[in-house]
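Please read the structure below before turning to the comments.
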Number of protein chains: 2
Amino acid sequence: MARKNEEVVLLVVGGSTGFVSAQEVYSHARESGSPIGLATVYRVLKSLVDAGKVELTFDDQGQARYCARGETHHHHATCRQCGRTIEFDDPDVERWAGAYAERIGFVEVRHVIEISGVCHTCASSH
Amino acid sequence: MARKNEEVVLLVVGGSTGFVSAQEVYSHARESGSPIGLATVYRVLKSLVDAGKVELTFDDQGQARYCARGETHHHHATCRQCGRTIEFDDPDVERWAGAYAERIGFVEVRHVIEISGVCHTCASSH
DNA sequence: AGCGTATATGAGAATGATTATCATTGTCAA
DNA sequence: TTGACAATGATAATCATTCTCATATACGCT
Ligand SMILES: [Zn+2]
Ligand SMILES: [Zn+2]
Ligand SMILES: [Zn+2]
Ligand SMILES: [Zn+2]
C-alpha cells in the first residue's frame, strides 16, 4: 500500500530546513512519487496545524508557510551589512514573553523576536 | 479642496484602536465622505508602510492588517481573532535586547518584538 | 466473498484578497 | 493655455486557498 498522505506531508515538512509553502509541499510530495492532490495537501496541513504538529506563519506577502514543530525554538540576530546570522534561544527572553502574555491574559501565545544590527567585524572595518 | 487621500487613510488607520484591514479602511473612508477607490487605499497603505508611518501584520487567515505607528518606541500584543492591540514598552525586554546585542558585539541595533495570541474576551466566547 | 455505509481523495471550479491595467483627471512649471 | 507627468478609480487579472462533487477506499456485517 502506498504511503499515507499525512505521512507524506509530514516527511516533506519535517525534511525541510526552514518554512515551506503549501505549493512547495505539493511539488516535493509529487516529486517523491506520491499522487497526492493539492487540495489534500491543504487539508492535511490544516489538520496537522490543528493537531499542533506543524506550525503556521505568514511571510511578508501574507503567504502561508509551514514548519514542523519540535525543531528547536530559536530566534535570529542578523547583521544588516554582511547578512551574518546568529541563532539564539535565550531563556531570559522566553521567560519574559511567557510572563508578559500571562499578565495581559492572552492564550495560545506566539512571539516574534528578531535582532538586527551591525556586527563587530563590519563595524570595525570601513 | 477635498482632503488628500494619504491624509484620509492616515486618519482612518490612526483613529482605530487596533489593526484594521484594507477593506475596513476603504469602508470607513467612504463613510466619511471621501471618494477614494479601493486601489488607492492599497496604494497609499503600501507607501505608508514603506515610509514607516504604518505597520503591517497578517492575521490568522493571512489577511493584511494595518496600524498607525506612533512616535515613541513600543511593541504590540495583538489578538489574532479580533485584532485588538495592546501597545507596550516594557523596560525589562528593552534591557534584555540591549544587553544581548552588546554581548554579541552588535552596534546600531534594532529589534522586532511582537506578541500575538488570543485575548481573554475572544478566548472566553464562542 | 458480497453488500452497505461512511470517510478520504483528487480534479477542477469557486472564492476572495491583493495587484495590475488603463483611460481619465489633477498638478504645475514654462 | 499647454504639455509633460504623476495620481486616481473602475475594472480586470492574479493567485493562494477553499469548496464541490464524483469516485475510490476502508470497514463492519452477513
Ligand atoms: Zn556584518
Ligand atoms: Zn522565543
Ligand atoms: Zn480578541
Ligand atoms: Zn523595543
Side-chain angles (χ1 to χ4, degrees), chain A residues 1-13 16 18-69 110, chain B residues 1-13 16 18-68 78-83 85 116:
Chain A
M1 171 174 150
R3 198 158 239 146
K4 280 160 98 155
N5 282 324
E6 182 175 312
E7 210 178 329
V8 171
V9 170
L10 262 181
L11 270 178
V12 172
V13 176
S16 308
F19 282 79
V20 284
S21 70
Q23 297 279 348
E24 284 165 350
V25 172
Y26 173 68
S27 304
H28 294 164
R30 296 292 291 228
E31 282 164 14
S32 77
S34 168
I36 193 171
L38 186 56
T40 303
V41 167
Y42 276 102
R43 272 192 291 249
V44 170
L45 281 173
K46 189 177 202 316
S47 79
L48 287 173
V49 168
D50 289 346
K53 292 180 185 166
V54 162
E55 254 180 288
L56 164 65
T57 61
F58 296 93
D59 65 14
D60 279 355
Q61 286 97 46
Q63 192 172 334
R65 301 190 84 84
Y66 306 84
C67 114
R69 173 169 287 174
R110 299 174 207 153
Chain B
M1 169 177 153
R3 198 157 239 147
K4 280 178 138 110
N5 281 325
E6 180 173 314
E7 210 176 330
V8 172
V9 170
L10 262 181
L11 271 178
V12 172
V13 176
S16 307
F19 282 79
V20 284
S21 70
Q23 297 279 349
E24 283 166 350
V25 172
Y26 173 68
S27 304
H28 294 162
R30 298 291 292 229
E31 282 164 15
S32 78
S34 167
I36 194 171
L38 184 56
T40 302
V41 168
Y42 276 103
R43 272 192 292 251
V44 170
L45 282 173
K46 188 177 201 315
S47 78
L48 288 173
V49 168
D50 289 345
K53 292 179 186 167
V54 162
E55 280 181 70
L56 165 64
T57 61
F58 296 92
D59 66 12
D60 263 3
Q61 287 94 45
Q63 194 172 331
R65 297 188 146 271
Y66 306 84
C67 124
T78 307
C79 173
R80 289 194 300 271
Q81 280 188 22
C82 69
T85 296
S116 72

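Below, chain A is the first sequence line, B the second, and so on; all start at residue 1.
Going from atom CG of A:Leu56 over to atom CG of B:Asp60 covers 7.5 Å, rounded to the nearest 0.5 Å. Once rounded to the nearest 0.5 Å, the distance linking CD of A:Glu55 with CZ of A:Arg65 reads 14.0 Å. Taking CD of B:Gln63 as the start and CZ of B:Phe58 as the end, the distance is 10.5 Å to the nearest 0.5 Å.
Atom P of nucleotide D:dT17 and atom CD of A:Gln23 are separated by 7 Å, given to the nearest angstrom. One atom, CD of B:Glu6, and another, P of D:dT8, lie 9 Å apart when rounded to the nearest Å. Per the geometry, CD belonging to B:Glu24 stands 11 Å off P belonging to C:dT18, to the nearest Å.
The stretch residues 36-52 of chain A comes close to DNA chain C through A:Ile36, A:Gly37, A:Ala39, A:Thr40, A:Arg43, each having a heavy atom under 4.0 Å from the strand. Near DNA chain C, meaning a heavy atom under 4.0 Å away, the residues from residues 54-64 of chain B are B:Gln63, B:Ala64.
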Can you give each donor-acceptor pair under 3.5 Å made by side-chain atoms of residues 41-48 of chain A, sequence neighbours left out, with the distance rounded to 0.1 Å?
| from | atom 1 | to | atom 2 | distance (Å) |
| --- | --- | --- | --- | --- |
| A:Arg43 | NH2 | A:Thr40 | OG1 | 3.3 |
| A:Ser47 | OG | A:Val44 | O | 3.0 |

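Residues forming a ring pair (Phe, Tyr, Trp, His ring centres under 6.0 Å) with B:Tyr66 (at least two apart in sequence, or on another chain): none. For the side chain to side chain contact (heavy atoms under 4.5 Å, CB included) test, residues two or more places apart in sequence or in another chain that qualify with A:Leu11 are A:Arg3. Scanning for side chain to side chain contact (heavy atoms under 4.5 Å, CB included) contacts around B:Ser27 gives B:Glu31, with sequence neighbours left out.
Residues A:Val54 and A:Leu10 meet the side-chain proximity criterion, which asks for heavy atoms closer than 4.5 Å.
Contact check, A:Asn5 against C:dA8: no side-chain N or O comes under 4.0 Å of OP1 or OP2.
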